Amino acid sequence: MVGPRLRALSGIKPTGMPHWGNHFGMIAPAVEMSKAYESFYFIADLHALTTVRDAEKMRTDSYQVAATLIAAGLDPAEAVLWRQSDIPEVCELAWALGCVTGFGLLERAHAYKDARAHERDVNFGVVGSPVLMAADILLYDADVVPVGRDQIQHLEMTRDMVGFFNQAFLGDSRHDGEGRWLGGGLKLPSAVVREATGVVPGIDGRKMSKSYDNHIPVFGSPKEVRKRVMAIVTDSTPLEAPKDPTRCNVVALHRLFADAAGHAELEARYRGGGYGYGHAKQALFEQSEATFAPLRGRFEALMADRDGLEDILRDGAKRARAVAEPVLERVRAAVGLPSRVSR
Ligand code: ADP
Ligand code: TRP
């Protein structure tokens, strides 16, 4: 007999047009997983609120993320796709989790340390975002969470919070020795990282990220994408000279798109000399267009029909809430807050 499908859950912040790092690190694995898992994916607008100060941008970026996921192959009739803030219960669960989570744990979060080191605005939301992220995951009894490598620490913190909560209110971990959930309390999730992708480098060689402005948008116009590709930083080895493909950002990015044979060919060209970085960038641009151009029409059609996107997100929210409510009831019962359904 086939058992119930495991539930995959992940979120992505609406902080600008999704880029190649988001695509290969999270979106593509999430879409792939949606074929085998019961899938719950959401637009993390409450997380974006720690930095976004422009209401119109928040709305537009939220639609852009939803449209990107669907254009990348997510079927919203099958997977549950919603906007985080449409389920305000998540804030209530975050509060309950925050009340069993020591500040010491939150101070060790990379994102918090990074924000402090760079003297960025460290508001309450930034400090608490691992707690909100834990609530995102635990509110839906998720089994697995597909994320990029940079999110592993947050998943570990989520697992810590499950332990704090279950121990504090139920006196045990609610899991057997093998980590299998015994029911009640909160369910322990696991991270799924696409190891083969690792961290996607940006055009300056650092991790591709909107915050470094070194990203290449998935559904930018071909002109925009080409401009970013041509701006990838390379060294000054002259065109004629052989080049080391293992130390080049263009090659690292090409590997994400090309099949093994196509990629081996590029590496051979590098080693052979007489092949310049301009040629390699053109090859990379063509590869990325071959992947994304066929999906761009769908993205643009979705963005042109906001009411349609809104319907999809509202339907997703309805289905998400049906799962969230009983979980939150469990939490309220465990901590001694009044039930909301039996009154
Ligand atoms: P950004 O750093 O641009 O703000 P986010 O933090 O919103 O991106 O990332 C959203 C998702 O995409 C996360 O699951 C993250 O792990 C993944 N991701 C982001 N950048 C990269 C990257 N350069 N390489 C691999 N995965 C990435
Ligand atoms: N914190 C994640 C990021 O910065 C986004 C996110 C929020 C998330 N909640 C989540 C990812 C829950 C997975 C599961 O990318």
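Atoms within a ligand are numbered from 1 in the order they appear, just like the ligands themselves. Just so it is clear, the model here is predicted, and its values are computed rather than measured. Reckoned from all heavy atoms, side chains included, excluding hydrogens, waters and symmetry mates.
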**Item:** Distance filter under 4.0 Å to Gly25 heavy atoms, resulting ligand 1 atoms
**Value:** 25 (C), 26 (N)
**Prompt:** Among Ile137, Thr158, Leu138, whose side-chain contact (heavy atoms from CB on, under 4.5 Å) with Leu186 holds?
**Reply:** Leu138
**Prompt:** Going by the angle between their ring planes, with limits at 30° and 60°, are Phe24 and Phe292 parallel, tilted or perpendicular?
**Reply:** tilted
**Message:** Which residue is it: Asp45, Leu309, Val52? I am looking for the one with a side-chain contact (heavy atoms from CB on, under 4.5 Å) to Ser62.
**Reply:** Asp45
**Asked** Applying a 4.0 Å heavy-atom criterion (strictly less than), which segment of His19 is in contact with ligand 1: side chain, backbone, both, or neither?
**Response** side chain
**Item:** Point-to-point distance, once rounded to the nearest 0.5 Å, from CZ of Phe169 to CZ of Arg174
**Value:** 14.5 Å
**Prompt:** Relative to the heavy atoms of Ser10, which atoms of ligand 2 are at a distance of less than 4.0 Å?
**Reply:** 11 (C), 13 (C), 14 (C)
**Fill in**
Residue, atom and distance of the protein heavy atom nearest atom 14 (O) of ligand 1 read Gly148 N, 3.4 Å
**Fill in**
Honestly, for Ile12 the part within reach of ligand 2 (heavy atoms, under 4.0 Å) is neither
**Complete:** If we number the atoms of ligand 1 from 1 as shown, the ones under 4.0 Å from a heavy atom of Met208 are 20 (N), 21 (C), 22 (C), 23 (N)
**Prompt:** Looking at Val145, which atoms of ligand 2 are within less than 4.0 Å of one of its heavy atoms?
**Reply:** 13 (C), 14 (C)
**Prompt:** With distance as the sole criterion, is a donor-acceptor pair present between the side chains of Arg59 and Tyr63 under 3.5 Å?
**Reply:** no
**Asked** Distance-only, no hydrogens or angles: does the His254 side chain make a donor-acceptor pair with backbone N or O of Val250 under 3.5 Å?
**Response** no
**Request:** List the closest protein heavy-atom neighbour of atom 6 (C) of ligand 2: residue, atom name, distance to the nearest 0.1 Å.
**Result:** Gly11 O, 3.7 Å
**Item:** For atom 2 (O) of ligand 1, the protein heavy atom that lies nearest, with its residue and separation
**Value:** Ser209 OG, 2.9 Å
**Request:** Give the residue and atom name of whichever protein heavy atom lies nearest to atom 7 (O) of ligand 1, and the separation in Å to one decimal.
**Result:** Lys210 NZ, 3.7 Å
**Item:** Shortest protein contact, atom 9 (N) of ligand 2 (heavy atom only)
**Value:** Asp136 OD2, 2.7 Å
**Fill in**
min-distance protein heavy atom vs atom 3 (C) of ligand 2 -> Gln151 NE2, 3.2 Å
**Prompt:** Ignoring hydrogens and geometry, is there a side-chain-to-backbone donor-acceptor pair from Ser288 to Phe285 under 3.5 Å?
**Reply:** yes
**Asked** At a non-hydrogen distance cut-off of under 4.0 Å, which region of Val200 contacts ligand 1 (side chain, backbone, both, or neither)?
**Response** both
**Complete:** Rounded to the nearest 0.5 Å, the CG atom of Asn22 sits from the CE atom of Met17 at a distance of 11.5 Å
**Fill in**
If we number the atoms of ligand 1 from 1 as shown, the ones under 4.0 Å from a heavy atom of Val199 are 24 (N)
**Message:** Closer than 4.0 Å to some heavy atom of Lys13 - which atoms of ligand 2 meet that?
**Reply:** 4 (O)
**Prompt:** Any side-chain heavy atom of Pro201 sitting closer than 4.5 Å to one from Met208?
**Reply:** no
**Item:** Which residue and heavy atom of the protein sit nearest atom 5 (P) of ligand 1, plus the separation
**Value:** Asn22 ND2, 3.9 Å
**Message:** Suppose we measure from atom 6 (O) of ligand 1 to each protein heavy atom; which comes out shortest, and what is that distance?
**Reply:** Lys13 CE, 4.3 Å
**Prompt:** Of all the atoms in ligand 1, which lie at a distance below 4.0 Å from a heavy atom belonging to Met26?
**Reply:** 11 (C), 12 (O), 14 (O)
**Message:** Would Lys243 and Tyr277 count as a cation-pi pair here, with the cationic atom under 6.0 angstrom from the ring centre and within 45° of the axis?
**Reply:** yes
**Asked** Any salt bridge between Asp160 and Arg108, counting N to O under 4.0 Å?
**Response** no
**Item:** Residue, atom name and distance, where the atom is the protein heavy atom closest to atom 26 (N) of ligand 1
**Value:** Gly21 O, 3.2 Å
**Message:** Main chain of Ala117, side chain of Arg120: is a donor-acceptor contact present, judged purely on distance under 3.5 Å?
**Reply:** no
**Request:** Between Asp150 and ligand 2, find which residue part has any heavy-atom pair under 4.0 Å and reply side chain, backbone, both or neither.
**Result:** neither
**Message:** Using a 4.0 Å cut-off to any heavy atom of Asp150, which atoms of ligand 1 qualify?
**Reply:** 15 (C), 16 (O)
**Request:** For a salt bridge (Lys or Arg N to Asp or Glu O under 4.0 Å) with Glu38, tell me which candidate from Arg7, Arg319, Arg5 qualifies.
**Result:** Arg7
**Request:** For ligand 2, note which part of Met26 has a heavy atom under 4.0 Å away: side chain, backbone, both or neither.
**Result:** neither
